[in-house]
2 protein chains.
Amino acid sequence: MISNNSLARFAARLNRHSLLSNEELQALLKMCCLPAQFQARRDIVPTNKTVDHACLIVEGLAGRFDLMRDGRRQVTALHLPGDMCDLHSVVQPHTAWSITAMTATSVLFVPHEDLQRLAIRYPGLAMAFWRDTAADAAVLAKWIGNLGRKDARARVAHLFCETAFRMELIGLGTRRSFDLPLTQEQLADATGLTAVHVNRTLQGLRETRTLSFQSSRAEILDWDRLVEIADFDSDYLMLQASRNPSFETSARAELPVGA
Amino acid sequence: MISNNSLARFAARLNRHSLLSNEELQALLKMCCLPAQFQARRDIVPTNKTVDHACLIVEGLAGRFDLMRDGRRQVTALHLPGDMCDLHSVVQPHTAWSITAMTATSVLFVPHEDLQRLAIRYPGLAMAFWRDTAADAAVLAKWIGNLGRKDARARVAHLFCETAFRMELIGLGTRRSFDLPLTQEQLADATGLTAVHVNRTLQGLRETRTLSFQSSRAEILDWDRLVEIADFDSDYLMLQASRNPSFETSARAELPVGA
DNA sequence: CGAGGGGTTGATCTCCTTCAACGGAGGTGG
DNA sequence: CCACCTCCGTTGAAGGAGATCAACCCCTCG
């Protein structure tokens with residue numbers, strides 16, 4: 001199955017915050033899953049359904065959306081390749097959100113059943129899944145802070161800092177330069193602004209030689225300045241610091257004995 | 001130990017979204033934990049530390065805060081009695097957030113070690129913990145939508161809808177009438193507004209006989225109207241609908257045999 | 001009695017929205 | 001190959017929602 005390669009990206013993500021044993025890793029990679037393609041602006045997971053599979057981003061960009069009655073929409077999370085963007089649906093199969101392809105996107109659908117089976121069989125994996133959901137939540141919390149208490153410039157700057165950081169982490173470009181094929185309207189959906197104001201804000205950042213974002217490419221000209229403007233601190237991403245090896249090893253040690 | 005009674009509230013919360021077996025329930029209630037009291041505005045969990053215990057709210061109100069460099073602050077989550085407000089710290093012991101008592105609050109500190117042990121021993125509990133974190137994240141996502149795309153009136157209305165709903169659920173008042181000893185400044189911290197504007201917004205809601213909030217008491221005079229203004233839909237709270245019994249029972253069935 | 005915290009009010013300012021128009025790039029069909 | 005259309009970025013002008021600043025009131029508490 002071709003999907004092995006793509007599952008590896010997810011495994012790598014988990015392994016970044018949770019140490020996985022070889023056995024756990026192998027079990028992860030053996031999950032069977034269904035590949036699918038989506039054009040930009042297509043719903044990958046519609047709202048208000050009950051789903052029986054989670055969705056792993058292989059290529060492209062996907063957004064989790066909160067939709068208002070009047071048609072306004074807000075991106076609540078941005079998902080890059082390797083993200084299992086609704087891993088939480090395993091424990092919460094009724095969707096109150098919707099996941100939409102923001103660019104042409106290819107995904108793998110992974111049955112909940114498989115993920116549940118792994119979580120029961122391997123407590124270390126259950127912890128890793130839980131931790132992944134917690135990491136996701138930490139990003140959500142940070143976005144609340146940004147939307148609630150920062151102006152347009154800081155919000156846009158923060159989005160670019162975060163995305164640059166994550167892109168570098170998964171090996172898609174560097175934090176100074178990476179592809180980001182989003183329209184200004186999509187950036188607006190993510191920052192709680194209008195497309196017009198995102199435009200003006202980007203111009204401001206461009207004029208001060210801080211950030212240039214043109215033809216789907218982000219070039220961060222002055223990283224320190226951007227971080228300063230955004231009040232960005234990568235800690236919340238929980239990408240390297242949050243390992244909890246003492247528990248992971250004890251989990252493994254206890255597995256053959258205790259359970 | 002006095003704490004049994006208080007742990008029961010948390011168990012009830014879990015049981016609301018995850019079916020627990022008697023054995024799991026008993027194990028939960030047997031956790032040992034340390035009671036503590038906090039005055040309003042005291043940090044229960046400071047930011048930028050590594051913690052080895054989670055924090056269960058027994059009485060009072062606590063807020064999770066995101067703090068900006070310049071001193072601005074944003075509440076990212078509001079925690080009511082029965083909430084284990086940083087359950088996610090079990091898998092993510094480094095705090096990027098801070099938890100502060102918003103009123104006089106009594107809490108129980110529960111060692112991560114105990115929670116981890118339970119999660120390993122009982123996959124059903126591990127799932128319940130994971131689901132609790134997911135439910136928490138769903139609220140965070142909804143708040144992002146509110147902050148990003150709704151005006152002051154809708155934000156305030158939504159906060160009251162959500163809180164009324166949750167209060168009723170845990171048996172502290174009804175959705176029409178409940179105690180909420182928060183200042184307008186604290187409401188402002190939660191809605192991304194200023195205290196002055198919260199004041200004017202509340203006046204507007206009071207004048208239209210929708211909501212009255214005075215001397216620490218919320219009276220929702222017109223629930224339907226408030227829901228309409230807030231664009232509130234309780235689905236995201238995942239309080240009754242998200243049970244996943246098919247898995248829970250299979251987990252239990254497999255426990256004695258499989259693991 | 002004085003101090004301080006919280007609610008209320010008014011005046012002013014500003015950031016962002018809204019609306020509208022235009023231009024360029026890319027795609028399509030005659 | 002050009003006409004046309006659509007999408008996206010850009011610009012300008014006007015309006016509005018909410019912030020900011022400052023004052024005042026009331027209540028509680030030392």
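Throughout, a chain's letter reflects where its sequence line sits, starting with A, and its residues are numbered from 1.
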(request) Go through the steps for Thr191(A) and Val198(A) under the test side-chain contact (heavy atoms from CB on, under 4.5 Å), then give the verdict. (result) CA-CA 8 Å; Thr191(A) 49; Val198(A) 165; 3.9 Å; yes
(request) Please determine if Arg64(B) and Asp136(B) form a salt bridge, counting it only when a charged side-chain N lies under 4.0 Å from a carboxylate O. (result) yes
(request) Tell me, with the steps shown, if Arg153(A) and Asp151(A) meet salt bridge (Lys or Arg N to Asp or Glu O under 4.0 Å). (result) CA-CA 6 Å; Arg153(A) 211 171 62 120; Asp151(A) 64 13; 5.3 Å; no
With 3.5 Å as the limit, what N/O pairs link the protein to nucleotides 19-23 of chain D?
from    : atom 1 : to        : atom 2 : distance (Å)
dA19(D) : OP1    : Thr194(B) : N      : 3.3
dA19(D) : OP2    : Thr194(B) : N      : 3.3
dA19(D) : OP2    : Thr194(B) : OG1    : 2.9
dT20(D) : OP1    : Arg72(B)  : NH2    : 3.3
dT20(D) : O4     : Arg200(B) : NH2    : 3.3

(message) Show me the pairs that pass ring pair (Phe, Tyr, Trp, His ring centres under 6.0 Å) and involve residues 45-78 of chain B, at least two apart or across chains.
(response) His53(B)-Phe109(B)
(request) Would you indicate, yes or no, if dT10(D) has its OP1 or OP2 atom less than 4.0 angstrom from a side-chain nitrogen or oxygen of Asn199(A)? (result) yes
(request) Nearest whole angstrom, please: distance from the P of dG18(D) to the NZ of Lys150(B). (result) 14 Å
(message) Could you report the tightest heavy-atom contact between Ser98(B) and Pro46(B), atom names first, then the distance?
(response) CB-C, 4.2 Å
(request) Let me know the distance between CG of Leu202(B) and P of dT9(C), rounded to the nearest Å. (result) 12 Å
(message) Angle between ring planes, Phe160(B) versus Phe178(B), binned at 30° and 60°: parallel, tilted or perpendicular?
(response) tilted
(message) Please report the distance, rounded to the nearest Å, between CD in Glu207(A) and P in dT10(D).
(response) 11 Å
(request) Using a 4.5 Å cut-off on heavy atoms from C-beta on, say whether the side chain of Arg16(A) contacts that of Leu169(A). (result) yes
(message) Looking at Arg206(B), I'd like to know whether one of its side-chain N or O atoms comes within less than 4.0 Å of OP1 or OP2 on dT8(C).
(response) yes
(request) Nearest whole angstrom, please: distance from the P of dC8(D) to the CE of Met102(A). (result) 12 Å
(request) Measure from the side chain of Gln184(B), starting at C-beta and using heavy atoms only, and say which of dT8(C), dC16(C), dC8(D) lies closest. (result) dT8(C)
(message) Between Gln203(A) and dT11(D), is there a contact of a side-chain N or O with OP1 or OP2 at under 4.0 Å?
(response) yes
(request) Say whether, by atom type as modelled, one donor and one acceptor occur between the side chain of Thr105(B) and the main chain of Leu61(B) under 3.5 angstrom. (result) yes
(request) Report yes or no: does Thr174(B) contribute a side-chain atom to a donor-acceptor pair with the main-chain N or O of Arg176(B) at less than 3.5 Å? (result) yes
(request) For dG6(C), take OP1 and OP2 only and decide whether either is under 4.0 Å from a side-chain N or O of Gln186(B). (result) no
(request) Rounding to 10 degrees, work out the angle separating the end axes of the helix from dC1(C)-dG30(D) to dG30(C)-dC1(D) (five pairs an end). (result) 30°
(message) Strictly below 4.0 Å: does Arg155(B) bring a side-chain N or O up to OP1 or OP2 of dA17(D)?
(response) no
(request) Check every strand shown and say whether Arg153(B) touches a base, only sugar-phosphate, or nothing at a heavy-atom separation below 4.0 Å. (result) nothing
